[in-house]
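What follows is a set of notes on a single structure, which appears directly below.
As a basis for the values below, the full set of heavy atoms in this structure was taken, side chains included, without hydrogen atoms, waters or symmetry mates. Here the structure is a predicted model, which is why all the values come from computation and not from measurement. In listed order, ligands and their atoms are each counted from 1.
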Amino acid sequence: MEIKRIFLIGFMGSGKSTLGRRLKTELGWDFIDLDDYFEMRYQTTIKQYFAENGEKAFREAERKIITEVATREKTIIATGGGAPCYFDNIQVMNQHGLTIYIKLSVETLAARLSSPKQVRPLIAGKSGNELLNYIGEKLSEREPFYDQAQVIADGDILGVDGFVRIIQASGQLMK
Ligand code: S3P
């Protein structure tokens with residue numbers, strides 16, 4: 001079946017946006033970073049949205065924009081780390097496009113998230129062992145959802161180039 005859009009999924013810090021931007025160049029498709037889209041769509045920052053409305057409201061608002069972008073064609077969507085794990089979001093993504101899980105070890109994620117480039121409310125203020133333990137627990141909660149992706153690839157082994165090749169070989173990408 002023709003692939004019209006690609007959803008990149010995985011934990012915070014797994015490199016979804018970096019891969020998404022690279023795929024935009026390689027495939028000549030559009031790229032949407034769901035966190036940026038969220039902030040533009042709701043005219044706020046994720047940090048502020050969490051602070052004012054809490055996580056439950058964030059998940060509902062996030063779900064709404066997933067259904068919005070799920071109709072875009074020739075588009076790569078980097079989703080937020082929690083996006084596939086709430087409601088039927090993973091099913092919606094699987095039905096509407098190719099889902100790819102960038103799988104990384106707890107240690108690699110902790111190393112990447114210990115010097116973050118962006119504000120992430122869920123890990124704000126955490127470092128060292130506290131961060132490592134949080135990632136370990138959250139990842140085991142989330143993996144049953146991430147594991148429903150159509151393609152699961154080991155980001156500790158595969159670089160961005162490897163992911164690009166897998167995606168190009170994954171099926172019929174819309175021309
Ligand atoms: C979240 C991940 C973030 C962002 C929000 C919540 C999560 O996105 O959506 O802070 O629940 O894992 P990134 O995975 O792009 O950091």
With the threshold set at 4.0 Å, does a side-chain nitrogen-carboxylate oxygen contact exist between K103 and D156?
no

Does R142, backbone or side chain, put an N or O under 3.5 Å from an N or O of ligand 1?
yes

Salt-bridge criterion met for E68 and K64 (N-O under 4.0 Å)
no

Any donor-acceptor pair under 3.5 Å from R5 side chain to I77 backbone:
no

Considering only protein heavy atoms, which is closest to atom 15 (O) of ligand 1, and at what distance to one decimal place?
D35 OD2, 2.8 Å

Looking at ligand 1, does F38 have a heavy atom less than 4.0 Å from it?
no

Do any N or O atoms from the side chain of S140 and from the backbone of G136 form a donor-acceptor pair under 3.5 angstrom?
yes

Of the protein's non-hydrogen atoms, which lies at the shortest distance from atom 16 (O) of ligand 1, and what is that distance?
R120 NE, 2.6 Å

Can you sort out which atoms of ligand 1 are near L122, meaning under 4.0 Å from one of its heavy atoms?
7 (C), 11 (O)

Relative to the heavy atoms of G80, which atoms of ligand 1 are at a distance of less than 4.0 Å?
8 (O), 9 (O), 14 (O)

Using distance alone, with no hydrogens and no angle criterion, decide if Q148 and Y101 have a side-chain donor and acceptor under 3.5 Å apart.
no

Do L23 and I32 share a hydrophobic cluster, counting only Ile, Leu, Val, Met, Phe, Trp and Tyr and linking them when any side-chain heavy atoms are less than 4.5 Å apart?
no

Part of L34 with heavy atoms under 4.0 Å of ligand 1, whether side chain, backbone, both or neither
neither

Has ligand 1 got any nitrogen or oxygen that is less than 3.5 angstrom from a nitrogen or oxygen of G82?
yes

What protein heavy atom sits nearest atom 10 (O) of ligand 1, and how far away is it?
P121 CD, 3.5 Å

Heavy atoms only, cut-off 4.0 Å: how does K16 contact ligand 1, side chain, backbone, both, or neither?
side chain

Heavy-atom nearest neighbour of atom 11 (O) of ligand 1 within options K47, E62, R59, E55
R59

Please confirm whether G81 comes within less than 3.5 Å of ligand 1 when only nitrogen or oxygen atoms on both sides are compared.
yes

Test side chain to side chain donor-acceptor pair (under 3.5 Å) on E62 and Y37; report intermediate values, then the result.
CA-CA 10 Å; E62 182 179 53; Y37 183 87; over 6 Å; no

Taking C-beta and beyond as the side chain, do D154 and I102 meet within less than 4.5 Å on heavy atoms?
no

